[in-house]
**Q** 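Quick one: this structure, given as structure tokens, is what I'll be asking you about.
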Amino acid sequence: MLFAKIAPHVIPALDKAVHKLTRGKVILSARMLPGVILTAKGAKTGAPRTTPLACMPEGGGASWLLIGSNFGRPGHPAWTGNLLKHPDASVSWKGQDIAVRARLLAGEERAAAWRAALEFWPPYAAYQARIEREIRLFRLERR
């Protein structure tokens, strides 16, 4: 539970700093899970918002599954609202900037992706158990 309180503040800041220092080659938290640096327009301002995120790569980097777990906190993470309003975005993946389009998953497609996410990293189930909202899942596909 301490991790869930501290991680949302510490991990993204460290990821951004290391990513910048290494010119896009390293995401510190990717030592635990694969990660991307998402750049999307802000839902309210339209200004670019950069967020380091854990991801589940699909098809050898053809697409990525993003899980809006927010470390098991009650509200949806801001980046999910940004993608809902502005689905065209970019990711930095292994030092390469890639244009993507985000799609919120629903129905059976979401259910299948959720099962895959839990198999990939089981702690997502603990995050879901702590909150009442349904965790948003997005698939990012290359544009």
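Everything numeric in this text was worked out from a predicted model, so none of it was measured.
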**Q** For Glu141 versus Ser63, what's the shortest heavy-atom pair and its separation?
**A**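 In this case the closest contact between Glu141 and Ser63 is CG-CB, 4.0 Å.
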**Q** Is there a side-chain contact between Leu66 and Val36 in this structure, where contact means two heavy atoms from C-beta onward sitting under 4.5 Å apart?
**A**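 Yes - at least one pair of side-chain heavy atoms lies under 4.5 Å apart.
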**Q** Distance from Asp97 atom CG to Ile37 atom CD1, nearest 0.5 Å?
**A**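 Going from CG on Asp97 over to CD1 on Ile37, the span is 10.5 Å.
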**Q** Flag the pair Arg73 and Glu132 as a salt bridge only when some basic side-chain nitrogen lies within less than 4.0 angstrom of an acidic carboxylate oxygen.
**A**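 Answer for the salt bridge query: no.
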**Q** Parallel, tilted or perpendicular: which one describes the rings of Trp93 and Trp64, with boundaries at 30° and 60°?
**A**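 Ring orientation of Trp93 relative to Trp64: perpendicular.
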**Q** I need the minimum non-hydrogen distance between Ala43 and Lys85, along with the two atoms involved.
**A**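 Looking at all heavy atoms of both residues, the closest pair is O-NZ, 3.6 Å.
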**Q** Give the intermediate values and the outcome of side-chain contact (heavy atoms from CB on, under 4.5 Å) for residues Arg139 and Leu104.
**A** CA-CA 7 Å; Arg139 179 161 287 125; Leu104 179 65; over 6 Å; no
**Q** Arg130 side chain to Phe71 main-chain N or O, any donor-acceptor pair under 3.5 Å?
**A**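 Side chain of Arg130 to backbone of Phe71, a donor-acceptor pair under 3.5 Å: yes, one is there.
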**Q** So, taking the atom named CG in Leu38 and the one named OG in Ser90, what distance separates them when rounded to the nearest 0.5 Å?
**A**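 That separation rounds to 7.0 Å.
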**Q** Phe138 and Trp79: which non-hydrogen atoms are nearest, and at how many Å?
**A**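 That closest heavy-atom pairing would be CD1-CZ3, 3.9 Å.
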**Q** Would you check if Arg142 and Val91 make a side-chain contact, meaning some heavy-atom pair closer than 4.5 Å?
**A**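 A side-chain contact is absent here, since even the closest heavy-atom pair is not under 4.5 Å.
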**Q** Restricting to non-hydrogen atoms, name the atom on Tyr124 and the atom on Ala117 that form the minimum distance, rounded to 0.1 Å.
**A**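 Smallest heavy-atom distance, with atoms named: CD1-O, 3.8 Å.
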**Q** Looking at every heavy atom in both Phe120 and Cys55, which two are closest together, and how far apart are they?
**A**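 Smallest interatomic distance, heavy atoms only, reads CE2-O, 3.6 Å.
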**Q** So how far is it from Trp114 CH2 to Leu105 CG, rounded to the nearest 0.5 Å?
**A**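 It is 12.0 Å, given to the nearest 0.5 Å.
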**Q** Under the side-chain contact (heavy atoms from CB on, under 4.5 Å) rule, what do Arg143 and Arg101 come out as? Steps first, then yes or no, please.
**A** CA-CA 6 Å; Arg143 283 191 280 146; Arg101 185 170 222 354; 3.9 Å; yes
**Q** Might you work through the side-chain contact (heavy atoms from CB on, under 4.5 Å) test for Ile131 and His76, ending with a clear yes or no?
**A** CA-CA 10 Å; Ile131 56 176; His76 291 290; over 6 Å; no
**Q** CG/Leu83 to CZ/Arg136 distance, rounded to the nearest 0.5 angstrom?
**A**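 It is 10.0 Å, given to the nearest 0.5 Å.
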**Q** Evaluate the side-chain contact (heavy atoms from CB on, under 4.5 Å) criterion for residues Glu58 and Leu65: first the C-alpha distance (whole Å), next the side-chain angles of each, then the deciding distance (0.1 Å), finally the verdict.
**A** CA-CA 7 Å; Glu58 301 176 308; Leu65 186 65; 4.2 Å; yes
**Q** Find the distance between CG (Leu140) and CZ (Arg103) and round it off to the nearest 0.5 Å.
**A**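 Answer rounded to 0.5 Å: 10.0 Å.
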**Q** What distance do Arg49 atom CZ and Asn82 atom CG have between them, rounded to the nearest 0.5 Å?
**A**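 It comes to 7.5 Å.
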**Q** Looking at Arg133 and Pro74, would you say the former's side chain and the latter's main chain have a donor-acceptor pair under 3.5 Å?
**A**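 Such a contact is found between Arg133 side chain and Pro74 backbone.
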**Q** Restricting to non-hydrogen atoms, name the atom on Pro77 and the atom on Thr80 that form the minimum distance, rounded to 0.1 Å.
**A**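 Pro77 and Thr80 have their closest heavy atoms at O-OG1, 2.7 Å.
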